[in-house]
Amino acid sequence: MKTTKASLVAATSSHLTTFFNKYVNTTNVYSWNTVIADLARAGDSLESLLAFAAMRKLSLTPNRSTFPCTIKSCTALYDITSGKQTHTQAFVFGFHNDVFVSSALIDMYAKCGSLADAHKVFDETLVKNVVSWTSMIIGYVQNKRPYEALCFFKDFLRQESLNGDGDGDDEVCVDAVAMRSVLVACSSAANKNVTQGVHGVVVKKGFGENTTIGNTLVDAYSKCGTVGFSKKVFDEIGEKDVISWNTMIAVCAQHGMSAQALELFYAMVRDGGVRYNAVTLSSVLLSCAHSGALQTGKCIHDQVIKMGLEEEVIVGTSIVDMYCKCGRVGTARRTFDRIKRKNVLSWTAMIAGYGMHGYAREALNVFYEMVQAKIVPNYITFVSVLSACSHAGLVDEGWHWFQTMRHKYLIEPGVEHYSCMVDLLGRAGFLNRAYDLIKKMKVRPDFVVWGSLLAACRMHKNVELAEISARQLFELDPKNCGYYVLLANIYADAGRWEDVQKMRVYMKNHGLSKTPGFSLVELKGRVHVFLVGDKEHPDHEKIYSYLEELCMKVQEAGYVPNMTSVLHDIDKEEKEMTLRIHSEKLAVAYAIMNSVPGSTIHVIKNLRICGDCHETIKLIAKIVGRQIVVRDSKRFHHFSEGSCSCGDYW
DNA sequence: ATAGGGTTAG
């Protein structure tokens, strides 16, 4: 978003013409200042800069009040070139030491990414005030250097205590805005101890009752992973405003606490005393997406339509995301088409949506449309494109877009891109190419990258590379037993029973047990949860006997249970039992029993679906004549007529 | 007379 002088002059706007007609002969500096300020406040930053230029053309002498707004407009445009020119002008007229001017300059340099310049202005400013300090703090936070921001705050407090004994007028005190900027630094640092320390300062300074500060604190605690503290702070906010509620709902939604998010939303509507808005609905929709609560999602969608927000980009995009993640990619597409001013996130959501359903062609078509609409794809867009290719096994296309991303769009690939590529190459059997790619990575490969390689090693029976990957995984994620099980199974496939035994002993000695699988199914607006071998459900006896019946029919149809997903040395009968009670089967059975014949069934699972469940559900779909949609931890499976949309490639 | 730093979301 660079602005040059030429583009400034070239810019035209009716707004501009109006005020030129009105003010062009005005030789009053105050009037010009008002115009510049009004335009800056209205967000017409370019026009504001043009007004400044026009004023200078008339050889009018700016005063100290001319500069802050002009500089603010440069900041809004991230235009450091114009910012520096304005700085020079302020210097020429001798206002660069004015505290209003210097704080605007600090803010401008910091937001434009030049912290060194910001620091220089700060150091050269002899009389600093709370705004100068706050600008530095915010600047460091926005440049992802929260700890330095916190150091500034410490210095600020020290400074404050030195001034604090005096007469009052020129004292530099922490105010609410400064306090909040420090809390944003805490969010960014994501450090619990730091946040608690600053929380102490908040109370000590008497901001404990301040709603806005409470809101920011709620967010800060959640970023530290301490949602419990967030809730506590939220509960203690005396006068909750819409942002308090929105923040708390978003916190729950982002931490996968969907039920709590929805409950908070109901509480807000019932007795919150505030009106919900587009932001609220976006967070609620995110919860629906996570928990697959399609019915609730639809209700929110209705509400959105009533509020006239459907075509609005933020809510519209949330609805697209919700429908995709609840298995209704067609409905998502229709909503997507109605969004008026689609931005990069809207396009990306649609691409990701098609991708996770295995519709790589559609995903790529949307991507082409996006490029044609002159929307510049970003880092996440390419994650979605590559992931779509990986779900469909499109090796050449994936490789092409990986290269295009780097060379044409100059996006440095991150772990997400690499994990897609490793998955794509590995599953296609190019294990060494995948490994070479990992070795060339500039960022440290994470557990997803090595996990993709390990999974591919199992598929293509490569013990040597599997051991290399597993070693990395044990280091990166030592408590996750999935990798130990996978490696044990790879040894078993290779007949290396001693190694299998070693793995089992290791797991036992380290108290590692499998992440329990669970599945969700929403019926009549209520989400039901099933665990592996669940006996908690009030109807569990009925469910088990119905499932038994279904499995008999499945075996009559010629299916032999597949045991490769279970550790090899459990005896056969026990294995069959373990398989039979996987949570997705329970959820599917329960859903068939409790829904209208012929209707589509949607199930969500927290782990990947196992091979046996995959085969069984294919046949169940055929036997009961239903469409069954299962979302596992990585993608969707649409079961119908005895086959699955993933084409058994997953 | 005119002026600077600001919390929630996809």
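Protein chains get the first letters and strands the later ones, always in sequence-line order, with residue 1 at the start of each.
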Item to complete: Describe the nucleic acid contact of V242(A) in one word from base, sugar-phosphate, nothing, applying a heavy-atom distance below 4.0 Å.
Response: nothing

Worksheet item: Does the side chain of R64(A) get closer than 4.0 angstrom to OP1 or OP2 of dG4(B) through an N or O atom?
Response: no

Fill in: Minimum-distance nucleotide to P68(A) side chain [options: dA3(B), dA1(B), dA9(B)]
dA3(B)

Item to complete: Would you classify A250(A) as touching base, sugar-phosphate or nothing, given that sugar-phosphate means primed atoms plus P, OP1 and OP2, and contacts are heavy atoms under 4.0 Å?
Response: sugar-phosphate

Discussion item. N606(A): which residues meet the side chain to side chain contact (heavy atoms under 4.5 Å, CB included) condition with it, sequence neighbours left out?
Written reply: F518(A)

Worksheet, complete the sentence: Smallest heavy-atom separation, G272(A) atom then W245(A) atom, equals CA-CZ2, 3.7 Å

Discussion item. Please list all pairs meeting salt bridge (Lys or Arg N to Asp or Glu O under 4.0 Å) that have one or both residues in residues 205-221 of chain A, counting only residues at least two apart or in different chains.
Written reply: E160(A)-K205(A), D219(A)-K223(A)

Practice prompt. Name every residue in residues 198-225 of chain A that has at least one heavy atom under 4.0 Å from any atom of DNA chain B, in order of residue number, or write none if there are no such residues.
Written response: T212(A), N215(A), T216(A)

Worksheet, complete the sentence: Residues at least two apart in sequence or cross-chain that pass side chain to side chain contact (heavy atoms under 4.5 Å, CB included) with V304(A), listed by chain then number, are L281(A), I300(A), L309(A), E310(A), V315(A), I319(A)

Fill in: F156(A): ring pair (Phe, Tyr, Trp, His ring centres under 6.0 Å) partners, not counting sequence neighbours
W133(A)

Discussion item. Among residues at least two apart in sequence or on other chains, which ones pass side chain to side chain contact (heavy atoms under 4.5 Å, CB included) with T86(A)?
Written reply: F67(A), T70(A), I71(A), C74(A)

Worksheet item: Which parts of residues 259-292 of chain A get close to DNA chain B, meaning a heavy atom less than 4.0 angstrom away?
Response: V279(A), S283(A), L286(A)

Item to complete: Could you note down all residue pairs passing ring pair (Phe, Tyr, Trp, His ring centres under 6.0 Å) where residues 310-339 of chain A supplies at least one of them, sequence neighbours left out?
Response: H301(A)-Y323(A), F336(A)-W347(A)

Response to the item:
Which of dA9(B), dG5(B), dA3(B) is nearest the side chain of V177(A)? It is dG5(B)

Practice prompt. Using the salt bridge (Lys or Arg N to Asp or Glu O under 4.0 Å) rule, collect all pairs that involve residues 50-63 of chain A, keeping only residues at least two apart or in two chains.
Written response: none

Worksheet entry | Touch class at under 4.0 angstrom, heavy-atom based, for I138(A) against every strand present | sugar-phosphate

Worksheet item: Quick one: is dA9(B) close enough that its OP1 or OP2 comes under 4.0 Å of any side-chain N or O from Q254(A)?
Response: yes

Discussion item. Which nucleotide wins on minimum distance to the side chain of T34(A), given the candidates dT8(B), dA3(B), dT2(B)?
Written reply: dT2(B)

Practice prompt. May I ask you to say what V313(A) touches in the nucleic acid, namely base, sugar-phosphate or nothing, with a heavy-atom cut-off under 4.0 Å?
Written response: base

Anything under 3.5 Å between a donor and an acceptor, one on a side chain of residues 107-114 of chain A, the other on a protein residue two or more places apart or in another chain? List them.
{"residue": "D107(A)", "atom": "OD1", "partner": "K111(A)", "partner atom": "NZ", "Å": "2.6"}
{"residue": "D107(A)", "atom": "OD2", "partner": "K111(A)", "partner atom": "NZ", "Å": "3.3"}
{"residue": "Y109(A)", "atom": "OH", "partner": "H87(A)", "partner atom": "ND1", "Å": "2.8"}
{"residue": "S114(A)", "atom": "OG", "partner": "D117(A)", "partner atom": "OD2", "Å": "2.6"}

Item to complete: Could I get the full list of side chain to side chain contact (heavy atoms under 4.5 Å, CB included) partners for A176(A), not counting sequence neighbours?
Response: F207(A), N210(A), I213(A)

Fill in: Nearest-nucleotide pick for V184(A), side chain only, options being dG4(B), dT7(B), dG10(B)
dT7(B)

Practice prompt. Scan residues 90-117 of chain A against DNA chain B and write down, sorted by residue number, each residue with any heavy atom closer than 4.0 Å; if none is found, say none.
Written response: D98(A), V99(A), F100(A), S103(A), D107(A), K111(A)

Worksheet, complete the sentence: Heavy-atom nearest pair, S230(A) first then S222(A), reads OG-N, 3.0 Å

